[in-house]
Amino acid sequence: MIGGDGIGPEVVAEALKVVRAAGVELDTTDFDLGGARYLKDGTILPDDVLDELRGFDAILLGAVGTPDVPPGVIERGLLLKMRFALDQYVNLRPFTLADAGIDFLVVRENTEGTYAGEGGFLRKGTPDEIATQGSVNTRMGVERVIRYAFELAASRPRRHLTMVHKTNVLTFAGDLWQRTFEEVGSEFPEVTTAYNHVDAACIFFVQDPQRYDVIVTDNLFGDILTDLGGAVSGGIGFASSGNLDPTRRAPSMFEPVHGSAPDIAGQAKANPIAAILSAAMMLDLLGEAEAAERIRKACAATTDLSASTPEIGDAVAARL
Ligand code: NAD
Ligand code: IPM
Ligand code: MN
């Protein structure tokens, strides 16, 4: 358990409460990681802590990042470091809003792209300053996430996979993604495919999200689109995610899509459903699929979201 910053500890507490109410006994260990620790002793994610994390079956995380620390220090040093070091190359983000007919998943590449951190400054702080920020796309990295998305699409009733990119401008990375999508796709004749440029995908997310079944996209587009996905399917407080290592060499990490929400932290105003649904995804992986399904049903039946964070957790737990 890594509660992290802001509303993170508030929402993971409710997730754990609900898991226990579902009758699943988890042996948990709390890790003090995030902004508070960094401000206390200057450490973010020491190597021995990272090694310790490798020994767990799963990681449940709230959110990280605080206005007290410059942007990116904790986000890169903790969250991205774990995603990369544990090679959690799939970021799986489901969106459902049954009444509206919305039911799709975004498979976000989670270890490459602009997130790899390629770039730097020249002549920093001078009028001639140059900042570059590259995008890393390896054939191996692109292929493995696209293959995961095809396998996922093949397992669903609609069997439809859309790739989202910006091939009309990002002609190098886009070309690699497009070729890989076509080549891997030839192994899945049962899956129908589509392609959207990311700007058009923003229109469709708002006006016609029902068209989507599974989407595969690069790291940054997936980051942006999944906040939008949350907003159009009930709100960001419902959006769950799993950072997966499908090979299971390392633990996967489950967390809500949202951040630490400093604007509402400490006020018991956060919606804990996203964290609870992330814990349900974790239970699927831990072999507790039946409990996970009961938790999802209990969340769907919990409609009074004007209540406080612990009250919402209590209401979901009571249904279990
Ligand atoms: P945010 O997602 O924290 O907040 C955006 C808006 O959504 C805010 O108005 C917030 O109050 C609202 N919101 C978020 N979660 C909510 C919930 N569960 N219930 C009700 N309202 C909710 O995004 P931000 O403000 O851009 O980022 C704040 C910090 O969080 C930054 O440091 C950022 O880097 C970090 N962040 C961390 C993660 C993560 O740990 N996975 C994800 C996104 C942002
Ligand atoms: C997310 C977050 C992270 C990301 C940040 C905090 C590094 O926004 O999980 O969506 O950009 O991946
Ligand atoms: Mn994000």
Side-chain angles (χ1 to χ4, degrees), residues 1-15 31 33-36 38-39 44-45 59-84 88-93 95 106-117 133 135 217-244 252-279 281 299 302 305-313 316:
M1 308 277 300
I2 303 172
D5 302 319
I7 64 169
E10 300 175 41
V11 295
V12 291
E14 301 313 309
F31 282 80
L33 296 168
Y38 176 69
L39 291 170
I44 303 175
L45 179 61
I59 302 166
L60 185 64
L61 180 135
V64 301
T66 159
D68 305 335
V69 178
V73 173
I74 309 293
E75 292 89 333
R76 289 205 75 85
L78 178 53
L79 187 64
L80 299 187
K81 188 171 170 182
M82 285 188 291
R83 288 177 184 170
F84 294 173
Q88 296 161 338
Y89 65 86
V90 170
N91 194 325
L92 186 63
R93 299 185 156 182
F95 300 94
V106 174
V107 175
R108 166 186 174 190
E109 201 292 318
N110 212 31
T111 55
E112 303 193 337
T114 43
Y115 280 67
Q133 193 92 50
S135 175
T217 191
D218 101 329
N219 208 339
L220 183 59
F221 298 143
D223 172 51
I224 298 165
L225 278 177
T226 52
D227 266 32
L228 187 55
V232 299
S233 55
I236 193 69
F238 294 92
S240 59
S241 84
N243 300 270
L244 312 178
S252 292
M253 174 166 67
F254 299 84
E255 52 166 340
V257 170
H258 64 71
S260 54
D263 53 343
I264 57 167
Q267 302 170 42
K269 282 185 185 166
N271 181 358
I273 301 278
I276 296 170
L277 291 174
S278 302
M281 280 179 86
C299 285
T302 303
L305 300 161
S306 63
S308 70
T309 308
E311 283 167 349
I312 297 172
V316 177

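Atoms within a ligand are numbered from 1 in the order they appear, just like the ligands themselves. If you read the sequence from its start, that first residue is 1, and numbering goes on from there.
With Thr226, Leu79, Asn243, Asn110 as candidates, the residue nearest to atom 5 (C) of ligand 2 on a non-hydrogen basis is Leu79.
Heavy-atom separations between Arg83 and ligand 2 include at least one value shorter than 4.0 Å. Taking a 4.0 Å cut-off on heavy atoms, Val11 fails to register as neighbouring ligand 1. Residue contact annotation: Val257 has a non-hydrogen atom under 4.0 Å from ligand 1. Distances from ligand 2 to the non-hydrogen atoms of His258 include no value under 4.0 Å.
Of the protein's non-hydrogen atoms, Ser260 OG, 3.1 Å is the one closest to atom 29 (C) of ligand 1. Of all protein heavy atoms, the one closest to atom 12 (C) of ligand 1 is Ile236 CG2, 4.3 Å. Looking only at protein heavy atoms, the nearest one to atom 25 (O) of ligand 1 is Pro262 CD, 4.3 Å. Counting protein heavy atoms only, atom 6 (C) of ligand 2 is closest to Glu75 CG, 3.6 Å. The single protein non-hydrogen atom nearest to atom 3 (O) of ligand 1 is Ala261 N, 2.8 Å, given as residue, atom name and distance. Nearest non-hydrogen protein atom to atom 1 (C) of ligand 2 is Arg93 NH2, 3.4 Å. Atom 10 (O) of ligand 2 has Asp223 OD1, 2.9 Å as its closest protein atom, hydrogens excluded (heavy atom only). In this structure, atom 11 (O) of ligand 2 lies nearest to the protein heavy atom Tyr115 OH, 2.6 Å. In this structure, the protein non-hydrogen atom closest to atom 1 (P) of ligand 1 is Gly259 N, 3.6 Å. Remark: minimum distance from atom 18 (N) of ligand 1 to any protein heavy atom is reached at Asn271 O, 2.9 Å.
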Quick one, Leu79 with Glu255, criterion side chain to side chain contact (heavy atoms under 4.5 Å, CB included). Give me CA distance, side-chain angles, the key distance, then yes/no.
CA-CA 10 Å; Leu79 187 64; Glu255 52 166 340; 3.7 Å; yes
Would Asp227 and Ile236 count as a side chain to side chain contact (heavy atoms under 4.5 Å, CB included) here? Give the steps.
CA-CA 6 Å; Asp227 266 32; Ile236 193 69; 3.8 Å; yes
Could you walk me through whether Arg108 and Asn219 pass the side chain to side chain contact (heavy atoms under 4.5 Å, CB included) check?
CA-CA 6 Å; Arg108 166 186 174 190; Asn219 208 339; 2.8 Å; yes
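Residue contacts with ligand 1, taken as heavy atom pairs separated by less than 4.0 Å, involve Val64 via backbone and side-chain atoms alike.
Between Tyr38 and Thr66, the closest side-chain pair of non-hydrogen atoms is not below 4.5 Å. For the pair Val316/Ile273, a side-chain contact is recorded, criterion being any heavy-atom separation below 4.5 Å from C-beta on. A heavy-atom distance below 4.5 Å is not found between the side chains of Phe238 and Ile276.
Near Ala270, the atoms of ligand 1 lying under 4.0 angstrom from a non-hydrogen atom of the residue are 19 (N). When each atom of ligand 1 is checked for a heavy atom of Glu75 under 4.0 Å away, the hits are 31 (C), 32 (O), 33 (C), 34 (O). Short contacts between ligand 1 and Asp263, defined as distances under 4.0 Å to a heavy atom of the residue, involve ligand atoms 8 (C), 9 (O), 10 (C), 11 (O). Each of the following atoms of ligand 1 lies closer than 4.0 Å to a heavy atom of Gly65: 32 (O).
Remark: atom 21 (N) of ligand 1 lies closer than 4.0 Å to at least one protein heavy atom. Proximity of atom 6 (C) of ligand 1 to the protein is not indicated, since no non-hydrogen protein atom lies closer than 4.0 angstrom.
Restricting Asp223 to its N, O or S atoms, the one at the least distance from the Mn ion (ligand 3) is OD1.
Of the polar atoms of Arg83, none of the N or O atoms is found under 3.5 Å from an N or O of ligand 1, judged by distance alone. Below 3.5 Å of separation, one finds no N or O of Leu61 facing any N or O of ligand 1. Residue Gly237 has no nitrogen or oxygen atom sitting less than 3.5 Å from a nitrogen or oxygen atom of ligand 1, judged on distance alone.
Neither side chain, Glu311 nor Thr309, offers a donor N or O lying under 3.5 Å from an acceptor on the other.
A donor-acceptor contact shorter than 3.5 Å is absent between the side chain of Asp218 and the backbone of Gly113.
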